[in-house]
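These notes concern the structure reproduced below.
Counting starts at 1 for both ligands and their atoms, in listed order.
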Amino acid sequence: KGYHVAVVGATGAVGQQMLHTLEERNFPISKLTLLSSERSAGTKVTFRDEEYIVQVATPESFEGVQIALFSAGGSVSKQFAPEAVKRGAIVVDNTSAYRMDENVPLVVPEVNEEALKDHNGIIANPNCSTIQMVVALEPIRKQYGLNKVIVSTYQAVSGAGAAAISELKEQSKAILNGEEYTPEILPVKGDEQHYQIAFNAIPQIDKFQDNGFTFEEMKMINETKKIMTMPELHVAATCVRLPVETGHSESVYVEIDQHDVTAEQVKELLKESDGVTLQDDPSRQIYPMPAHCVGKNDVFVGRIRKDLDRVNGFHMWIVSDNLLKGAAWNSVQIAESLVKLQLV
Ligand code: 11C
C-alpha cells in the first residue's frame with residue numbers, strides 16, 4: 001500500500017533532499033514520478049536502489065499522481081500545480097507562488113497542521129527562514145502570548161540554490177589564491193549589482209520592495225502572521241546573507257503578553273516542544289551553530305535570555321538546516337500529516 005508521488009524539481013538542491021527525506025522516513029510510495037524543467041530532464045536519479053530518469057514536466061505527467069511535491073521555482077508551480085490538482089493530486093508547493101493566496105493553507109505541522117483540512121488541492125510550504133522561527137515562537141505564543149517579534153537573519157547561500165553554493169566556493173578559492181573573480185549571482189540573480197559573498201556579509205536577500213524591506217523580509221513578516229493566524233502581530237525582519245553553505249541562523253527578540261516569566265521557564269518550555277532541540281548552556285559554551293545542524297530535521301534554539309530593560313522581552317538564537325526543516329522535511333512532514341489526517 002502506498003501513494004503515487006511526484007517530485008517536481010527532482011534534480012535541484014531541495015528536490016534531492018526531498019528524495020532523501022522520503023527514503024529516510026520510509027514514506028509509503030507505490031509509484032514515483034520524477035519531473036523537472038527541460039534543462040535537467042534526462043538526469044538519472046537513484047531512489048531506494050532503483051534508477052529513475054527525470055522527465056520533462058507536462059500536464060499529462062500528473063495523470064494518476066496523488067501527492068505532488070513541487071520545488072522547481074514559482075513559474076513552474078504556477079504552470080503545473082493547477083494541472084496536477086485538475087487530475088486529482090494534492091500539491092505541496094515549496095515556492096512562494098501561492099503562499100499568500102487566501103484559499104491556500106500555509107503550513108508548518110508543529111504550528112497549524114489543522115489548516116490542512118481547508119485545502120483546495122494546493123498546500124504551500126513556507127519560506128525556510130520563516131519556518132524555523134515559527135516552530136520556536138508557537139510554544140511561546142501558546143503559553144505566554146506574543147505581541148512583538150524583531151528578527152535579524154544570518155542566512156546560508158544554499159537558500160539561493162546550487163549556483164550560489166558554487167559561487168561561494170569558487171570565489172573563496174580565487175580570493176585565497178589572490179586571483180580576480182567577478183561575482184555573478186548573489187545577492188539576487190536578476191539584479192543589476194552583484195557582490196562578493198566570500199569573507200563578506202550582504203544585507204540583501206531577494207529584491208527590494210517599495211517600502212524599503214526586501215522580499216525575503218516581507219515573506220518573514222507576512223508568512224509569520226498567516227501561519228500563526230495573528231494579523232495584528234508586530235513583526236519586523238532584516239535578512240542578511242553570509243558565507244555559510246547550509247544552515248540559516250536567526251537572532252530573534254520577542255515581547256510576550258505576560259510580565260513575570262523567567263528565561264528558565266522559556267528554556268523548559270522549548271525543551272519539551274515538538275520539533276525543537278534546546279542547546280543552551282553558556283557555562284559550557286553550548287549554543288546552536290549552522291555547521292552542527294546540517295542534515296538534522298529539528299530547529300535548534302539557544303542563547304535564551306531576558307531583556308535587561310523590558311520585563312516581557314526575550315532574546316534567542318534559532319538555527320536550522322534550511323534545505324530540511326526549511327524546505328524538504330517540512331514538505332514531507334506535510335505529506336505525512338495528509339496521510340495521518342486521511343486527507344489523501
Ligand atoms: C533564501 N529563503 O535563503 C530563501 C530561499 O521563498 O522558498 C527560499 C525561497 C523561497 O534565499
With Lys1 as the cation and Tyr3 as the aromatic partner, state whether NZ or CZ is under 6.0 Å from the six-membered ring centre and within 45° of the axis. yes
Glu179 atom CD, neighbour heavy-atom count above 12 within 6.0 Å: yes
Which residue and atom name correspond to the protein heavy atom nearest atom 8 (C) of ligand 1, and how close is it? Asn127 OD1, 3.3 Å
Flag yes if Ile197 and Tyr154 sit in one hydrophobic cluster, no otherwise; membership is Ile, Leu, Val, Met, Phe, Trp, Tyr, and two members link when side-chain heavy atoms are under 4.5 Å apart. no
Pick one of side chain, backbone, both or neither for how Ile205 approaches ligand 1, counting any non-hydrogen atom pair under 4.0 Å. side chain
Min N/O separation His248 to ligand 1 under 3.5 Å: yes
Heavy-atom distances under 4.0 Å are what count here, so tell me which part of Arg99 touches ligand 1: side chain, backbone, both or neither. side chain
Protein heavy-atom partner closest to atom 5 (C) of ligand 1 - residue, atom, separation in Å: Gly159 O, 3.1 Å
Considering both backbone and side-chain atoms of Cys128, is one of its nitrogen or oxygen atoms within less than 3.5 Å of a nitrogen or oxygen in ligand 1? no
Would Gln155 count as a polar contact of ligand 1, with the cut-off being nitrogen or oxygen pairs under 3.5 Å? yes
Short N-O contact, Glu110 and Lys325, less than 4.0 angstrom: yes
Whether Lys219 engages the ring of Phe213 as a cation-pi pair (distance to the six-membered ring centre under 6.0 angstrom, angle to the ring normal within 45°) should be assessed. no
Distance-only side-chain donor-acceptor flag, Asn322 / Ser158, under 3.5 Å: yes
List the closest protein heavy-atom neighbour of atom 11 (O) of ligand 1: residue, atom name, distance to the nearest 0.1 Å. Arg241 NH2, 2.6 Å
Give the numbers and elements of all ligand 1 atoms closer than 4.0 Å to a heavy atom of Lys219. 6 (O), 9 (C), 10 (C)
Check: Gln204/Thr214 side-chain N/O donor and acceptor closer than 3.5 Å: no
Compute the minimum heavy-atom distance from Asn94 to ligand 1 and say whether it is under 4.0 Å. yes
